[in-house]
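Below you'll find the structure, written out as structure tokens, and then a few comments.
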Amino acid sequence: MALAPKARPPAPPTLNEVFEAEQQLVGLMLTDPATHGRIAAILRDEDWTQNLHRGVFEVVGRFVEEGRPVSPASVLPKVSDVAPDGGPANRYLIALVAGAPSSAFAEPLARRLAEAAHARSGPNHLDRDLYAWAYEQALALRRGQFSALDALNLAEEIEDLGGAIYNQMESALRLTLMHLLKWDHQPEKRTRSWHLSIRNGRLDVEELLDRHPSLKHRLPGALARAYRRARIEAAGETDLDDDVFPAECPYTFEDIMTRPVPWPPEGGES
């Protein structure tokens with residue numbers, strides 16, 4: 001008698017299925033925060049593959065414990081402001097809420113993510129030789145050997161590259177804002193160095209936006225974060241109290257980029 005073939009174990013979810021399951025769970029938690037406890041009984045923070053999704057999971061859990069209201073608007077200040085596609089996180093989260101499934105899907109979706117996390121468990125690429133790993137992945141890409149790709153870690157490295165470009169813009173804005181604050185609050189101490197720092201900072205921002213125009217939608221958040229640090233640094237460099245400087249950025253983006261900062265001042269160079 002022929003033996004019946006052994007049943008094959010079910011294949012683990014694909015990366016796309018994992019990503020879509022995360023999206024559905026995020027929409028569900030924002031729509032019905034009570035489901036967070038059921039999801040958290042199955043999933044750990046490290047089981048999520050995308051930073052914004054992981055952040056929502058963590059923040060919703062904290063808000064539920066504290067009895068605070070949960071919505072995209074309340075969660076957004078505590079998580080990344082950029083969506084997985086590089087667009088604004090607020091629009092992305094609102095879309096996930098609009099497409100959220102029934103709460104009955106909370107456990108099945110969470111179990112799918114947990115199974116996928118278990119299937120891919122292993123040493124992180126950062127625990128290995130990152131230099132060798134990078135060249136291995138580049139070679140596999142060039143040869144079209146897609147099954148050899150460490151896809152999730154590659155995605156994280158690519159996202160980090162985008163984050164580094166954003167950080168360059170925020171840093172240039174911070175430098176420009178700090179010197180504008182010094183320029184406005186200590187006019188008697190203005191120097192050619194301050195003038196040149198403002199001009200160079202403006203050029204850095206302008207060149208980054210020319211090369212990466214999609215950064216423009218992140219300007220409001222970048223300005224707010226850059227100003228918070230610029231205010232502290234300006235206080236340190238001028239020996240003025242923090243309260244001397246406005247709590248919120250007093251400049252529009254156009255002011256920051258185009259307001260005249262003439263040099264030399266009237267009466268000659270200092």
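Reckoned from all heavy atoms, side chains included, excluding hydrogens, waters and symmetry mates.
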### Message
Tell me if the CZ atom of Arg91 is crowded by more than 12 foreign heavy atoms within 6.0 Å.
### Response
no
### Query
Does the ring of Phe245 carry Arg231 above it, NZ/CZ under 6.0 angstrom from centre and within 45° of its axis?
no
### Task
Indicate if Val261 and Leu203 have the same hydrophobic cluster label, given that clusters are the connected sets of ILVMFWY residues with side-chain heavy-atom separations under 4.5 angstrom.
no
#### Entry: CG-CD1 distance between Leu113 and Ile42, expressed to the nearest 0.5 angstrom
9.5 Å
### Message
Other residues, nucleotides and ligands only: do more than 12 of their heavy atoms fall within 6.0 Å of CZ on Arg142?
### Response
no
### Query
Do Tyr251 and Asp184 have side-chain atoms, one donor and one acceptor, less than 3.5 Å apart?
yes
#### Entry: Ion pair Arg218/Asp81, N-O distance below 4.0 Å
yes
### Side-chain heavy-atom pair Val82, Tyr166 within 4.5 angstrom cut-off
no
### Task
Flag the pair Glu233 and Arg174 as a salt bridge only when some basic side-chain nitrogen lies within less than 4.0 angstrom of an acidic carboxylate oxygen.
yes
### Query
Is there a path of hydrophobic side-chain contacts, each under 4.5 Å between heavy atoms of I, L, V, M, F, W or Y residues, that connects Met257 with Leu175?
no
### Task
Would you mind reporting whether Trp133 and Glu157 have side-chain heavy atoms less than 4.5 Å apart?
yes
### Query
Is there a side-chain contact between His179 and Lys182 (heavy atoms, below 4.5 Å)?
yes
### Message
Rounded to the nearest 0.5 Å, what separates atom CZ in Arg38 from atom CD in Glu107?
### Response
4.0 Å
#### Entry: Trace of the side chain to side chain contact (heavy atoms under 4.5 Å, CB included) decision for Gln137 with Leu149
CA-CA 6 Å; Gln137 297 301 299; Leu149 293 177; 3.6 Å; yes
### Message
With a 6.0 Å cut-off (strictly less than), is the heavy-atom count around CD of Glu66, excluding the residue itself, greater than 12?
### Response
yes
### Query
Roughly how far apart are Leu93 CG and Gln23 CD, rounded to 0.5 Å?
10.5 Å
### Query
Quick one: do the Thr252 and Asp255 side chains pair a donor with an acceptor below 3.5 Å?
yes
### Query
Going by heavy atoms in the side chains, are Tyr227 and Pro250 under 4.5 Å from each other?
yes
### Query
What are the two closest non-hydrogen atoms of Asp241 and Ala235, and how far apart are they?
C-CB, 4.5 Å
### Query
Going hydrophobic residue to hydrophobic residue with side-chain gaps under 4.5 angstrom, can you get from Phe146 over to Leu154?
yes
### Intermediate values then yes/no, ring-ring contact (aromatic ring centres under 6.0 Å, His included), His53 and Phe19
CA-CA 9 Å; His53 298 166; Phe19 185 78; 5.3 Å; yes
### Task
Establish whether Val79 and Ile94 are linked, either directly or via other cluster members, by ILVMFWY side-chain heavy-atom contacts under 4.5 Å.
no
### Distance in Å, Asn51 CG paired with Arg54 CZ, rounded so as to fall on 0.5 Å steps
5.0 Å
### Query
Do you know which two heavy atoms are closest between Leu223 and Leu173, and how far apart they sit?
CD2-CD2, 3.9 Å
### Query
Taking all atoms of both residues into account, what is the closest heavy-atom pair of Gly201 and Ala172, and its distance?
O-CB, 4.0 Å
### Query
Does the Ser74 side chain pair with the main chain of Pro69, one donor and one acceptor, at a distance under 3.5 Å?
yes
### Query
Just by distance, do the side chain of His185 and the backbone of Leu181 share a donor-acceptor pair under 3.5 Å?
yes
### Task
Identify the two heavy atoms, one from Leu209 and one from Met169, that lie closest to each other, and give their separation to 0.1 Å.
CD2-SD, 3.8 Å
### Query
What heavy-atom pair brings Leu52 and Ser80 nearest, and what distance separates the two atoms?
CD1-O, 3.5 Å
### Query
Should Gln186 and Arg190 count as side-chain neighbours, where that means a heavy-atom distance under 4.5 Å?
no
### Query
When hydrophobic residues are tied together by side-chain contacts of less than 4.5 Å, even through go-betweens, does Leu215 share a cluster with Leu177?
yes
### Query
Quick one: CG on Asn167 to CZ on Arg225, what's the gap to the nearest 0.5 Å?
9.0 Å
### Task
Could you grab the distance from atom CZ of Arg192 to atom CG of Leu196, nearest 0.5 Å is fine?
4.5 Å
### Query
Any donor-acceptor pair under 3.5 Å linking the side chain of Asp47 with the backbone of Leu43?
no
### Message
Using a 3.5 Å distance criterion without hydrogens, assess whether the side chain of Asp85 forms a donor-acceptor pair with backbone atoms of Gly87.
### Response
yes
## Note on the structure
Checking Leu96, Val75, Leu25 against Leu30 for side-chain contact (heavy atoms from CB on, under 4.5 Å), the one that qualifies is Val75
#### Entry: Asp204 and Gln168, any side-chain heavy atoms less than 4.5 Å apart
no
### Task
Return the minimal non-hydrogen interatomic distance between Leu28 and Ser103, and the atom names on each side.
CD1-CA, 3.7 Å
### Task
Start with the C-alpha gap between Lys216 and Phe253, add the side-chain angles, then the distance that decides, and say whether side chain to side chain contact (heavy atoms under 4.5 Å, CB included) holds.
CA-CA 11 Å; Lys216 290 177 183 177; Phe253 181 66; over 6 Å; no
### Query
Do Thr49 and Glu156 have side-chain heavy atoms sitting under 4.5 Å apart?
no
### Task
Show the numbers, then the answer: is there a side chain to side chain contact (heavy atoms under 4.5 Å, CB included) between Val26 and Trp48?
CA-CA 11 Å; Val26 168; Trp48 297 78; 4.0 Å; yes
### Query
More than 12 foreign heavy atoms under 6.0 Å from CD of Glu254: is that the case here?
no
### Query
Any side-chain heavy atom of Pro72 sitting closer than 4.5 Å to one from Asn90?
no
### Message
Check for me whether the distance between the ring centres of His36 and Phe57 falls short of 6.0 Å.
### Response
yes
